[in-house]
Amino acid sequence: MIKQAVIMAGGLGSRFGNRTQAMPKGFIEIDGLAMVERSVQKLIAAGIEEIIIGTGHCSEFYDELAKKYPIIKTVRNDNYENTSSMGTLEVCAPLVKESALLLESDLLYDSIGLFVLQNEERDNVILASGKTNSEDEVYLESDEDGVICNVTKDKASVKNLAGELVGISKVTKSFLNKMVAYYDKTRAENAKIDYETVFCRIAQDKEGGEPIFIRKIEYYAWTEIDDEAMLERAKTLIYPRIKENESLRSVRREVLLNPGPSTTTDSVKYAQVVADICPRELEFGKLMEEVATGLTEVCADPKDYISVMFGCSGTGADEAMVSSCVPPDGKLLVVDNGSYGARLAKIASVYGIDMDVFKSSTYEPIDLEELEKQMQSKKYTTFAIVYHETTTGLLNPLEKICPMAKKYGMTTICDIVSAYGGMPIDLGKLGIDFATSTSNKHIGGMAGVGFVVCKRDELLKQKDWPMRNYYLNLYDQYKYFLETKQTRFTPPVQTFYALRQAIIETKVETVEKRFERFTECWEILVKGLKDIGLKMLVKEEFQSHFITAILIPETPKYNFNELHDYARSFGFTIYPGKLGNIDTFRIANMGDIKPEEMTHFICVLRDYMHSIGVC
Ligand code: PLP
Ligand code: MG
Ligand code: MG
């Protein structure tokens, strides 16, 4: 999997005249989005984690873009006026760690090209297309081994045409180093050499060179945009074709308003489609290691914390934590103010763990004085609580509760399943020792990976404890992975690939912005409910913004199944929720939901409520 991309964007774009005098060419918009920004979005969707943009002319535009997309790093080619793409590539090269995709900045292309290169077995590959009739074609010629031997605009000079240069390639670090070394040697004669010409020189260098192959997609939808005529052609001919192709590949959208699994992006869905691999291969071990670190970074400092992953749901992670983290002769205090707190207590009771339960209202805040009294009264080793009670949408104030537990010397174990990734959380600051979550809630992956983010020091204390569990033993899972880069038992392979992509997308959006998006959706929801005349179970100020429990209207005409089916017919899935004798239905803000979709949902809800005489 390639993780870095380089975009060469130093050029003047002089063929555009006025239009690009005070703006780089990549910022020309098509369908309301700058070419280069669309390219960045496609790279992210293709699993790229870092984009290096080599800038020059009007570099400040790219620096601005980097603020919007934290995965972008810009490097300026200060000599852009006297060099060319190779000069820009040279300044980017030191930032490339392994293999990277190389792209020109003035491209409009079907994202499939990126996936083709990501899946190419050969290390160095140039993407080519069939005939484009663009009138600015760069022809590629290959030798009998399929290696590039000529790159030219002069078609007549080409004997063995391999395709037209697209401007997207994949190269190894060593190939790139050779390009830079070649440029360094020859710059005095030709400072303005193009990167594609250097491809050819390295490929044909019999001593010390390295082959680069041509991969042709015959009917590839793409164009570069060098002047007004090409821009017009891009808008009218190429862009519609790309849009059509990409929409044919997109998956029917269902908006899940249930509290997880949540709506996923298409790029997360597609990330699962990978070559079969035995999970005991080192390559997969590295992927899992990378995922574990990524999961930790969402809520803690990887210096102090480590994520231990299992093939299971969120409850599996809860069970691993509860059954592993109470010492053999320890005693647990569990807060139960909803189904998930009750579940933690249930798990402890099944394992025969000595325990007291602190019961509290499911929709009103915990009485902290009472809780502290309980903590003082008995000698507990371990304290368990749920951060966000998904049953009701009540957010427990862990910033107040966890320091209390620490004061009484307890190890703190928290179910943060439905808060993790949706709001900024810092386990270290909160004083949480173990925390659970799952791949399919706010982080936006597929169901199948449950994990416990563990404070390393606390986890190591479990080393000599007798095992109370087997599959779900936290220390054993940790130790085995540390030593082998393998899980003890078969992991959900494809779910890990999707999770890797979900983590990238979380980093790109940032948890802070994700919380803002959910809050925006929640505000639309709350306003809509008020307009319709529906009431919420939990007061607004105590709500998480992630889930809203709505009291059912007082009319015998209301029928959850009818509402569910009606909403589903518009692509929205809602969720029932009965709390004791209080009947509610629930709407979650999780995953890839957009404010405009919540607005649409409100219309659907109003329509149904109107049909039964509520409004
Ligand atoms: N804990 C909380 C707070 C949850 O919201 C959920 C699921 O909604 C779980 C645990 C259990 O997760 P799973 O259904 O994946 O077992
Ligand atoms: Mg051109
Ligand atoms: Mg160009």
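Heads up: numbering here begins at 1 and tracks the sequence. Note that ligands are numbered from 1 as they come in the structure, with each ligand's atoms numbered from 1 the same way.
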Next on the checklist: Checking a contact table here: which protein heavy atom is nearest atom 14 (O) of ligand 1, and how many Å away?
Outcome noted: Thr315 OG1, 4.3 Å

Next on the checklist: Is the distance from the ring center of Phe489 to that of Tyr471 below 6.0 Å?
Outcome noted: yes

Checklist entry - Are any of the heavy atoms in Glu389 under 4.0 Å away from ligand 1? => result no

Next on the checklist: Test ring-ring contact (aromatic ring centres under 6.0 Å, His included) on Phe518 and His442; report intermediate values, then the result.
Outcome noted: CA-CA 10 Å; Phe518 292 146; His442 291 306; 5.1 Å; yes

Next on the checklist: Only heavy atoms of Gly314, strictly under 4.0 Å: list the atoms of ligand 1 that pass.
Outcome noted: 12 (O), 13 (P), 15 (O), 16 (O)

Next on the checklist: Determine whether a donor-acceptor pair (N or O, by modelled atom type, separation under 3.5 Å) exists between the side chain of Ser59 and the backbone of Thr55.
Outcome noted: no

Checklist entry - Do any of the N/O/S atoms of Asp226, backbone or side chain, fall under 2.8 Å from the Mg ion (ligand 2)? => result yes

Next on the checklist: Heavy-atom distances under 4.0 Å decide this one: backbone, side chain, both or neither, for Asp318 against ligand 1?
Outcome noted: side chain

Next on the checklist: Nearest N/O/S atom of Asp136 with respect to the Mg ion (ligand 2), by atom name, please.
Outcome noted: OD2

Item to check | Per-atom contacts of ligand 1 with His388, taking only distances under 4.0 Å to non-hydrogen atoms | outcome: 3 (C)

Item to check | atom 5 (O) of ligand 1: the protein heavy-atom neighbour that sits closest, reported with distance to 0.1 Å | outcome: Thr390 OG1, 2.4 Å

Next on the checklist: Show the atoms of ligand 1 that are less than 4.0 angstrom away from any heavy atom in Arg343.
Outcome noted: 11 (C)

Checklist outcome for this item: One finds that the ligand 1 atoms under 4.0 Å from a non-hydrogen atom of Ser418 are 3 (C), 5 (O)

Item to check | Taking atom 7 (C) of ligand 1 as the reference point, the nearest protein heavy atom with its distance | outcome: Lys441 NZ, 3.0 Å

Checklist entry - Are Phe572 and Phe601 an aromatic pair by the rule of ring centers under 6.0 Å? => result yes

Checklist entry - Can you tell me if Asn469 and Tyr351 form a side-chain donor-acceptor pair at under 3.5 Å? => result no

Checklist outcome for this item: for atom 1 (N) of ligand 1, nearest protein heavy atom and its distance come out as Asp415 OD2, 2.6 Å

Checklist entry - Would you say Asp106 reaches the Mg ion (ligand 3) with an N/O/S atom under 2.8 Å? => result yes

Checklist entry - Tyr195 vs Phe199 aromatic rings, parallel, tilted or perpendicular, using cut-offs 30° and 60°? => result perpendicular

Item to check | Residue from Val255, Thr263, Leu256 passing side-chain contact (heavy atoms from CB on, under 4.5 Å) with Asp592 | outcome: Thr263

Checklist entry - Tell me, which protein residue and heavy-atom name are nearest atom 6 (C) of ligand 1, and how many Å apart are they? => result Tyr340 CE2, 3.2 Å

Checklist entry - Is there a donor-acceptor pair closer than 3.5 Å between any side-chain N or O of Glu137 and the backbone N or O of Glu135? => result yes

Checklist entry - Nearest to the Mg ion (ligand 3), which N, O or S atom of Glu224 do we find? => result OE1

Next on the checklist: Please confirm whether the ring centroid of Phe546 lies under 6.0 Å from the ring centroid of Tyr387.
Outcome noted: no

Next on the checklist: I'd like to know whether NZ of Lys269 has more than 12 heavy-atom contacts from other residues, nucleotides or ligands below 6.0 angstrom.
Outcome noted: yes

